[in-house]
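Okay, structure first, notes after.
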Amino acid sequence: MPKATIFSSFIISMLTFLAVSVYSGDVKGQSDSDIYLISDELNDRAKNLQALVEYMDEKGYNFKPLVEDSRFELYEGITERFTSSAERRTPTLDEYKQILGFDAKKSEIQQFIVNNQEQLIKAEQEYDIPRYVIAAIIGVESDFGRNIGSYNPLNAYVSMIAEDYRTEFARAQLEELLKFTERHELDVFELKSSYAGAMTFAQFIPYSLNRWWVGSELFNMDNNILSVANYLAHFKNVTGSVERAVYRYNPSQLYTDAVLSLASDAEQMFE
């Protein structure tokens, strides 16, 4: 049987199970039109997943063991996570800072810089990126390494594709993810990420991991520091400034302003 047909059978079986769960437990009080909408949504997801399977098959990836793995799952409502992100719903910098927990990060950044001073200085000298900006990004992205996310990147990207949200982006990142895990001999299901599939303390998406990651260990802070510096140095060269390089890290002016504000506060602590 062709691989695409095997994948299709698995996907249909999985979505049929979901449909049965919905019909048996969640339809009380719903109208017939509501039930038809549920059915249409499941059918659309099956089509989207089938298209992904065929695409991966054409690209030569052995996707079947991944979707059959017991750790494979679809995350419900992942589109809403993107569309309700802080950058999209906060009109002012002060409100954005509150959501980020800016004051807590400000109180911690000095000790983080002291603890990682040697590597931060090395990164600054090698990549010409201020150590305070590097520290601020790691603080904003992962609370200085404490928060790496609770999602799995493969499941996150497949869920995006199933919901037909940023499909081209998700498909490209899925390819990059499989390239990275194969090259480093990693179990993709052992990885943790944000809902956007960003990983490590630096919160790199797979595309960035494959191009700007320095070192082999994802959860080594020294590697994260150098990788952030490497990324920013590249985009500083492209855009002409550190500020615009930070914007390329996360294309939000709120994000850029918050990072640079935290970096400025940190620098003042060492004057």
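For clarity, every value in this text was computed on a predicted model and none was experimentally measured. Here, residue 1 is the first one in the sequence, and each next residue gets the next number.
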**Message:** Could you check whether any side-chain N or O of Lys105 sits under 3.5 Å from a backbone N or O of Gly139, counting only pairs where one atom can act as donor and the other as acceptor?
**Reply:** yes

**Request:** Just jot down the ring pair (Phe, Tyr, Trp, His ring centres under 6.0 Å) partners of Tyr231, sequence neighbours excluded, or say none.
**Result:** Phe204, Trp212, Phe235, Tyr249

**Asked** Any sub-3.5 Å donor-acceptor pair from Asn237's side-chain atoms to Ala233's backbone N or O?
**Response** no

**Request:** Rounded to the nearest 0.5 Å, what's the gap from OG on Ser142 to CG on Asn147? Could you check?
**Result:** 7.0 Å

**Asked** Taking NZ, NE, NH1 and NH2 as the nitrogens, is one of them in Lys47 or Asp164 under 4.0 Å from a carboxylate oxygen of the other?
**Response** no

**Distance (rounded to the nearest 0.5 Å) between Ile225 CD1 and Ile121 CD1** = 11.0 Å

**Asked** How far apart are the closest heavy atoms of Ala136 and Val259, and which atoms are they?
**Response** CB-O, 3.5 Å

**Fill in**
Exactly one candidate in Leu177, Ile205, Val158 meets side chain to side chain contact (heavy atoms under 4.5 Å, CB included) with Pro153; the answer is Leu177

**Asked** Got a sec, which residues hit side chain to side chain donor-acceptor pair (under 3.5 Å) with Tyr127, two or more places apart in sequence or on another chain?
**Response** none

**Request:** Would you mind checking if Glu176 and Arg211 are paired as a salt bridge, meaning a charged N to carboxylate O distance below 4.0 Å?
**Result:** yes

**Request:** Could I get the full list of side chain to side chain donor-acceptor pair (under 3.5 Å) partners for Lys106, not counting sequence neighbours?
**Result:** none

**Message:** Show the nearest heavy-atom pair for residues Asn152 and Ser193, with the distance to one decimal.
**Reply:** C-OG, 3.6 Å

**Asked** Measuring from Asn224:CG to Ile137:CD1, what's the distance to the nearest 0.5 Å?
**Response** 12.0 Å

**Asked** Would Gln98 and Asp94 count as having a side-chain donor-acceptor pair, cut-off 3.5 Å?
**Response** no

**Message:** Does Tyr55 form a side-chain contact (heavy atoms from CB on, under 4.5 Å) with Leu174? I'd like the steps, not just the answer.
**Reply:** CA-CA 11 Å; Tyr55 174 86; Leu174 192 56; over 6 Å; no

**Request:** Could you tell me the separation between the CD1 atom of Ile113 and the CD atom of Glu267, rounded to the nearest 0.5 Å?
**Result:** 9.0 Å

**Prompt:** Side chain of Asn155, backbone of Glu73: donor and acceptor closer than 3.5 Å?
**Reply:** yes

**Message:** Counting C-beta onward and ignoring hydrogens, is there a side-chain heavy-atom pair between Ile129 and Ile134 closer than 4.5 Å?
**Reply:** yes

**Asked** Nearest 0.5 Å, what's the CD-OG1 distance between Glu163 and Thr79?
**Response** 3.5 Å

**Message:** Among residues at least two apart in sequence or on other chains, which ones pass side chain to side chain donor-acceptor pair (under 3.5 Å) with Gln173?
**Reply:** none

**Asked** Would you find a donor on one side and an acceptor on the other, under 3.5 Å apart, between the side chain of Gln203 and the backbone of Thr200?
**Response** yes

**Asked** Which of these, Glu124, Gln119, Gln117, Gln125, sits in a side chain to side chain donor-acceptor pair (under 3.5 Å) with Arg131?
**Response** Glu124

**Prompt:** So, the side chain of Ser159 versus the backbone of Tyr75: is there a donor-acceptor pair under 3.5 Å, distance only?
**Reply:** yes

**Residue pairs fulfilling ring-ring contact (aromatic ring centres under 6.0 Å, His included) with at least one residue in residues 100-119, sequence neighbours excluded** = Phe112-Phe144

**Side chain to side chain, Phe63 and Val67, heavy atoms closer than 4.5 Å** = yes

**Prompt:** Any side-chain donor-acceptor pair under 3.5 Å between Lys97 and Thr92?
**Reply:** no

**Fill in**
Across all chains, not counting sequence neighbours, the ring pair (Phe, Tyr, Trp, His ring centres under 6.0 Å) partners of Phe82 are Tyr165, Tyr195

**Prompt:** Going through the checks in order, is the side-chain contact (heavy atoms from CB on, under 4.5 Å) test met by Val140 and Asn250?
**Reply:** CA-CA 11 Å; Val140 169; Asn250 182 342; over 6 Å; no

**Message:** Is it the case that the side chain of Lys236 and the backbone of Asp128 share a donor-acceptor pair, with hydrogens and angles ignored and the cut-off at 3.5 Å?
**Reply:** yes

**Asked** Is the side chain of Asp143 donor-acceptor paired with the backbone N or O of Arg146 at a distance under 3.5 Å, no angle test?
**Response** no

**Asked** Between Arg166 and Tyr157, is a side-chain hydrogen bond (donor to acceptor under 3.5 Å, both in side chains) present by the stated rule, with each step listed?
**Response** CA-CA 9 Å; Arg166 299 181 68 187; Tyr157 290 125; over 6 Å; no

**Asn210 side chain vs Lys179 backbone, donor-acceptor pair below 3.5 Å** = no

**Request:** To the nearest 0.5 angstrom, please state how far the OH atom of Tyr247 sits from the OH atom of Tyr255.
**Result:** 12.5 Å

**Message:** Checking Thr167 against Met160 for the side-chain contact (heavy atoms from CB on, under 4.5 Å) test, could you report, in this order, the C-alpha distance in whole Å, the side-chain angles of both residues, the deciding distance, and whether it holds?
**Reply:** CA-CA 7 Å; Thr167 295; Met160 290 170 64; over 6 Å; no

